[in-house]
Number of protein chains: 2
Amino acid sequence: MKVGDISTEERIKEAAKKVFLEKGFDGTKTRDIAQEAGINTALLNYYFRSKEKLFEAIFYEATNNFYEAIFQVINDKMLTFEGKLYKMIERDIDNLLANPLLPIFIHTESSRNPEGFTKKHDLASFFTSDFVAQLNEKIAKGEFRPIHPFHLMTSVVGMVLMPFLNKKLMTSASFFTEDVWTNMVQEKKKLIPEIMLTYLRSK
Amino acid sequence: MKVGDISTEERIKEAAKKVFLEKGFDGTKTRDIAQEAGINTALLNYYFRSKEKLFEAIFYEATNNFYEAIFQVINDKMLTFEGKLYKMIERDIDNLLANPLLPIFIHTESSRNPEGFTKKHDLASFFTSDFVAQLNEKIAKGEFRPIHPFHLMTSVVGMVLMPFLNKKLMTSASFFTEDVWTNMVQEKKKLIPEIMLTYLRSK
DNA sequence: AAATATTTTAATCATTTGATTAAAAAAATT
DNA sequence: AATTTTTTTAATCAAATGATTAAAATATTT
């Protein structure tokens with residue numbers, strides 16, 4: 001390790017994140033990671049013992065920002081329901097634009113090993129969030145239509161993630177250039193909250 | 001091949017579909033397929049030459065029903081825009097309930113190899129469908145808000161697919177039992193068109 | 001500076017895995 | 001029934017792959 005450089009361990013993790021994100025667990029070879037990190041595969045095992053252990057080490061890091069950001073917003077006491085909705089979607093989209101491979105990665109890997117996922121991320125706390133409490137208040141007051149939080153969550157998340165799930169398809173088939181696609185996604189920051197709020201407020 | 005049985009070739013394809021759907025291309029071993037089909041791996045290569053070729057052979061079959069059904073509905077001259085929207089979503093959900101692994105499979109594999117996908121499925125024809133023509137008419141008449149077909153499509157498809165993408169997560173973490181989850185998905189047949197139409201008709 | 005501990009590598013191992021071969025079994029043709 | 005063709009298998013190959021070992025290089029402590 002050269003002084004001033006990031007540690008070897010960190011360099012391996014960064015390389016692993018990149019390769020795992022691109023190819024998934026099954027499609028990744030430890031040699032790819034080693035090459036990306038500029039090291040020997042033996043060193044990878046020296047620091048992390050195995051491919052599985054290395055994957056676990058990066059999985060949380062790679063996905064946590066995403067969930068962290070959401071849970072922070074949906075429990076922010078300073079924001080109204082509408083404020084949370086707009087901010088959550090905006091942050092999500094910004095995070096995903098910086099990391100567009102994340103949605104496919106998360107769904108592939110959480111499907112391959114759901115226990116590994118729920119061990120790391122406490123999704124249940126969505127249902128006890130301030131966001132859901134505010135939703136139920138508004139429904140009780142008659143300001144909003146009744147809707148199960150599951151429906152709200154899956155609708156919003158689905159609308160946010162969809163363009164990322166088929167990004168490669170859209171851009172490689174030259175429906176859209178990368179720029180046009182990005183523009184479309186930016187438009188969704190306004191569109192998705194409008195769709196949901198229009199529905200919630202309708203009678 | 002025993003007379004009266006389905007052909008060996010067909011048996012291999014069925015087994016391949018099952019295993020590829022569950023584990024993805026990279027996670028599938030030809031031995032798994034052979035075992036599932038009750039044959040020797042040599043026979044698999046005798047009929048299909050290679051793992052890749054076998055995958056190509058089943059990929060179209062596994063995904064085609066899904067796209068077939070959609071394109072049939074969105075070009076059905078007998079249906080109004082609203083009729084198409086409702087029917088498309090209903091059919092989609094029914095197809096997916098019968099084949100819940102399809103969404104992750106499609107997105108994993110189309111991301112791994114986008115060319116292979118667009119070679120098989122002509123997604124561009126969505127934009128020239130009767131459905132999109134009707135949408136644009138309604139917008140021109142002022143009955144609907146202006147919206148890009150891409151936004152409509154990604155919103156609807158996102159809302160439809162989302163519960164399937166995290167099905168394992170939801171049921172394995174015991175947020176929901178399988179039954180409750182299925183119920184929720186059934187509710188979406190009405191909810192998703194309502195959400196979209198409420199938005200489109202709002203001023 | 002010498003001794004000790006840590007980090008890194010080259011070489012290699014043991015399995016796994018996709019594919020092939022040569023022969024056996026079954027079916028079709030003559 | 002004999003011959004030819006097609007289907008199937010057991011055995012095995014060659015390459016890929018995750019992991020280990022023993023030694024070299026580097027850093028740390030005494």
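Residue numbers start from 1 in every chain, and the chains themselves are labelled A, B, ... in the order their sequence lines are given, proteins ahead of strands.
- A donor-acceptor pair under 3.5 Å is formed between the side chain of A:T118 and the backbone N or O of A:P114.
- The CD1 atom of A:I39 sits 16 Å away from the C1' atom of C:dT6 (whole-angstrom rounding).
- Going from atom CD of B:E10 over to atom C1' of D:dT7 covers 17 Å, rounded to whole Å.
- Atom P of nucleotide D:dG18 and atom CG of A:L54 are separated by 11 Å, given to the nearest angstrom.
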List every contact pair, protein side and nucleotides 17-20 of chain C side both N or O, where the distance is under 3.5 Å.
unit_1 : atom_1 : unit_2 : atom_2 : d
C:dT17 : OP1    : B:K29  : NZ     : 3.0
C:dG18 : OP1    : B:T28  : O      : 3.3
C:dG18 : OP1    : B:K51  : NZ     : 3.2
C:dG18 : OP2    : B:T30  : N      : 2.8
C:dG18 : OP2    : B:T30  : OG1    : 3.0
C:dG18 : N7     : B:R31  : NH1    : 2.7
C:dG18 : O6     : B:R31  : NH2    : 3.1
C:dA19 : OP2    : B:K51  : N      : 2.8

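- Per the geometry, CD belonging to A:E9 stands 14 Å off C1' belonging to C:dT8, to the nearest Å.
- Side-chain contact check for B:T108 and A:T108: at least one donor-acceptor pair (N or O, by modelled atom type) lies under 3.5 Å.
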Please tabulate, one pair per line, all N/O donor-acceptor pairs under 3.5 Å involving side-chain atoms of residues 152-166 of chain A, not counting sequence neighbours.
unit_1 : atom_1 : unit_2 : atom_2 : d
A:T154 : OG1    : A:F150 : O      : 2.7
A:T154 : OG1    : A:H151 : O      : 3.4
A:T154 : OG1    : B:K188 : NZ     : 2.7
A:S155 : OG     : A:H151 : O      : 2.7

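- Among A:D76, A:D130, A:N75, the single residue meeting the side chain to side chain donor-acceptor pair (under 3.5 Å) criterion with A:K84 is A:D130.
- Residue B:F48 is out of contact with every strand shown, counting any heavy-atom pair closer than 4.0 Å.
- Between A:F126 and A:F131, the ring-plane angle classifies as tilted under the 30° and 60° cut-offs.
- Atom CD in B:Q35 sits about 16 Å away from atom C1' in D:dT9, given to the nearest Å.
- Look at OH on B:Y47: it is 13 Å from C1' on D:dT9, rounded to the nearest Å.
- Under the side chain to side chain donor-acceptor pair (under 3.5 Å) test applied with A:E36, the options A:K17, A:R11, A:K18 reduce to a single match, A:K18.
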